[in-house]
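Computed from heavy atoms alone, side chains included, the values below leave out hydrogens, waters and symmetry copies. Letters go in sequence order (proteins before strands), and every chain restarts at 1.
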Amino acid sequence: MSDPGKVRDDAYRWYRRCVFAIVLVTIVALPVLLILL
Amino acid sequence: MWFVFLVIAVLYVMYLAIAIPAAAAVACAACALWIPVTYLRVLGRVLVTRPAWLPDWKRPPRAPGDSDPAVLHYLYGPALADADLTVRVAYDDGAGFLRRSAARNIVRSFESDVPWFTAPLGVGGAVGAAAGTAAGAAVAAGCALIHLLVVGLLAGLAWAAGTVLRGIDSAVLRIRHIKMFCPVCFEPVPYPGYVCPGDDRHPHHDVRPGRLGIVGRRCQCGEPMKTLLLFGSARMSAFCPHCDHLLEHRPGEAPEIVLPFFGAVGAGKTRLLFSIVTQLQAWDAAGQLTTEFADSVTKRELAVAEGILSSGETTWATPPELPRAHVIRLSSGRGTRILHMFDAAGERFVNPGRAEELRYLGTSRTFVLVIDPLSVRSGAVPPDRAYHRAHQTIQAMGVDLKTARLAVVFSRADMISAPDGDVAEWAVNELGLANLVRSVRIQFSEKSVFMCAAAVMEGTGMHPSVAALLRWMLAGEGVTLPAGPS
């Protein structure tokens, strides 16, 4: 019997990393864009 | 003396003027920076490192109770739960920081041995910490808002991608003329269900893109699964979503052709089916096309076909139960087709109310009426009844007879003297089937009359009439059958 929590974390690992990367990039880029515009 | 006090007072005021703003500025900067940094640190923990001590989601998202045993797609709920968890943990961490560092230091500044010196720092720190906390909380809230917006945008994109992919998959099936069909319950299969490749106790009734996955999904046992035929879901074990029977013929990979054989009891339907299978196997052996039994039941029932025909044994009477399709995968230079051949007992076309149960008749375009001329001559079983019953059933099932095709096959061509000219004329003149021939001509737009011998000829293989019948049956279905006798 597989551990549902582990299965879930395995399934979400790359989605979470992608969301983290996009959020970080947006947080950095948004002020820069606001300043430039 | 008073001058000394005045100097000290002036110096202290100067100290206050510098220390309070400076303490405020430092506290403000520390809080304003620390709170967003805390939020980002927590975001990294929740989304990347996932330490074991991380608390659970407050409101775990759940798929509806009747959904498949698969993990919910991250963007259909869990991403929001992660955003909520990030805010909760970041709030707790930020509050802890303010309690542990800022508040404690402010209180200490009033309780020190030199309060006249440290209290102004505490006052400045308190004011700065309040302002910095407000600023830091605003920045952290901005970060959380960006997190939510990103999740919302990605969820919208995932939904749109799923809708587009479903549309493309349906369009590809339509372009390739693929309509799936259950050989057991005869129902059209809009999309097959699939059994988890890792654990066959986990059936997935609808794997298509949705809340459980867009390109792929993960079964609750952890096994990854494809969501569309476009991505190769046909390689998994399929089952019929209506009757749950396994569909071993890998539905969705190739167009499916339903070929019903009908006729009176003992007309020779089963022998004709066997001879068709034997002819296909002969072409396969000669390397002219590829024929394979597409499921285990067909393999078990038809593997003996050639042996029975060669030995001259009689075939067993077809049981009166609902038939199951004999499924054959046929591949030629032009592509692959899946043949569902139905051999129903003749009783079903004689006794009232039985033919209506053969719902596969409503999904076919080409029909095969088998008539035994010897039985007609002996007057044992008039073939008209079976024909009319089947015709009424086909019509009642909504088949457009303007596009339907009918092959009328007179069996036992090896046992009677075959007519030199038109077989239909022979049937009218020799067998007295004028009414039947007239009805067929009126009711079906495309029809042809054949004489077939379900017999293996010495040295030449299957009787050539079977190949001719096969070519007519599969004409226009995208299969190139070898020309001439095999």
Next on the checklist: If you apply the rule side chain to side chain contact (heavy atoms under 4.5 Å, CB included), what do you find for B:R50 with A:D9, and how did you get there?
Outcome noted: CA-CA 9 Å; B:R50 302 286 301 179; A:D9 282 347; 4.0 Å; yes

Checklist entry - For B:R208, does the CZ atom have more than 12 heavy-atom neighbours from other residues, nucleotides or ligands under 6.0 Å away? => result yes

Checklist entry - Just how far is it from atom CZ of A:R16 to atom CG of B:L43, taken to the nearest 0.5 Å? => result 11.5 Å

Checklist entry - Heavy-atom distance under 4.5 Å to chain A: side chain of B:L154, backbone, both or neither? => result side chain

Checklist entry - Given A:R8 and B:L72, is the side chain to side chain contact (heavy atoms under 4.5 Å, CB included) satisfied, shown in steps? => result CA-CA 8 Å; A:R8 202 181 57 195; B:L72 203 59; over 6 Å; no

Next on the checklist: How about CH2 on B:W57, more than 12 heavy atoms from neighbouring residues, nucleotides or ligands closer than 6.0 Å, or not?
Outcome noted: yes

Item to check | Heavy-atom proximity to chain A below 4.5 Å, by part of B:V151 | outcome: side chain

Item to check | Approximate separation, where rounding is to 0.5 Å, of B:H147 NE2 and A:T26 OG1 | outcome: 10.5 Å

Next on the checklist: Less than 4.5 Å apart, side chain to side chain, heavy atoms only: is that true for A:F20 and B:V46?
Outcome noted: no

Item to check | Derivation of the side chain to side chain contact (heavy atoms under 4.5 Å, CB included) call for B:D82 and A:Y12 | outcome: CA-CA 11 Å; B:D82 271 354; A:Y12 297 161; 5.8 Å; no

Checklist entry - Hey, is OH on B:Y91 packed in by over 12 heavy atoms from elsewhere, all under 6.0 Å? => result no

Item to check | Intermediate values then yes/no, side chain to side chain contact (heavy atoms under 4.5 Å, CB included), B:L47 and A:R17 | outcome: CA-CA 6 Å; B:L47 295 185; A:R17 288 178 181 179; over 6 Å; no

Item to check | B:L40 vs A:V23 side-chain heavy atoms within contact, under 4.5 Å | outcome: no

Checklist entry - For the residue pair B:G222 and A:V7, what are the closest heavy atoms and their distance? => result CA-CG1, 3.7 Å

Next on the checklist: If you count heavy atoms of other groups shown closer than 6.0 angstrom to NE2 of B:H245, is the number above 12?
Outcome noted: no

Checklist entry - Mind checking whether B:H73 and A:Y15 have parallel, tilted or perpendicular rings, split at 30° and 60°? => result perpendicular

Checklist entry - When only pairs under 4.5 Å are counted, which of B:C219, B:G213, B:C221, B:P224 shares the most heavy-atom pairs with chain A? => result B:C221

Checklist entry - If you round to the nearest 0.5 Å, how far is CD1 of A:I22 from CG of B:L153? => result 8.5 Å

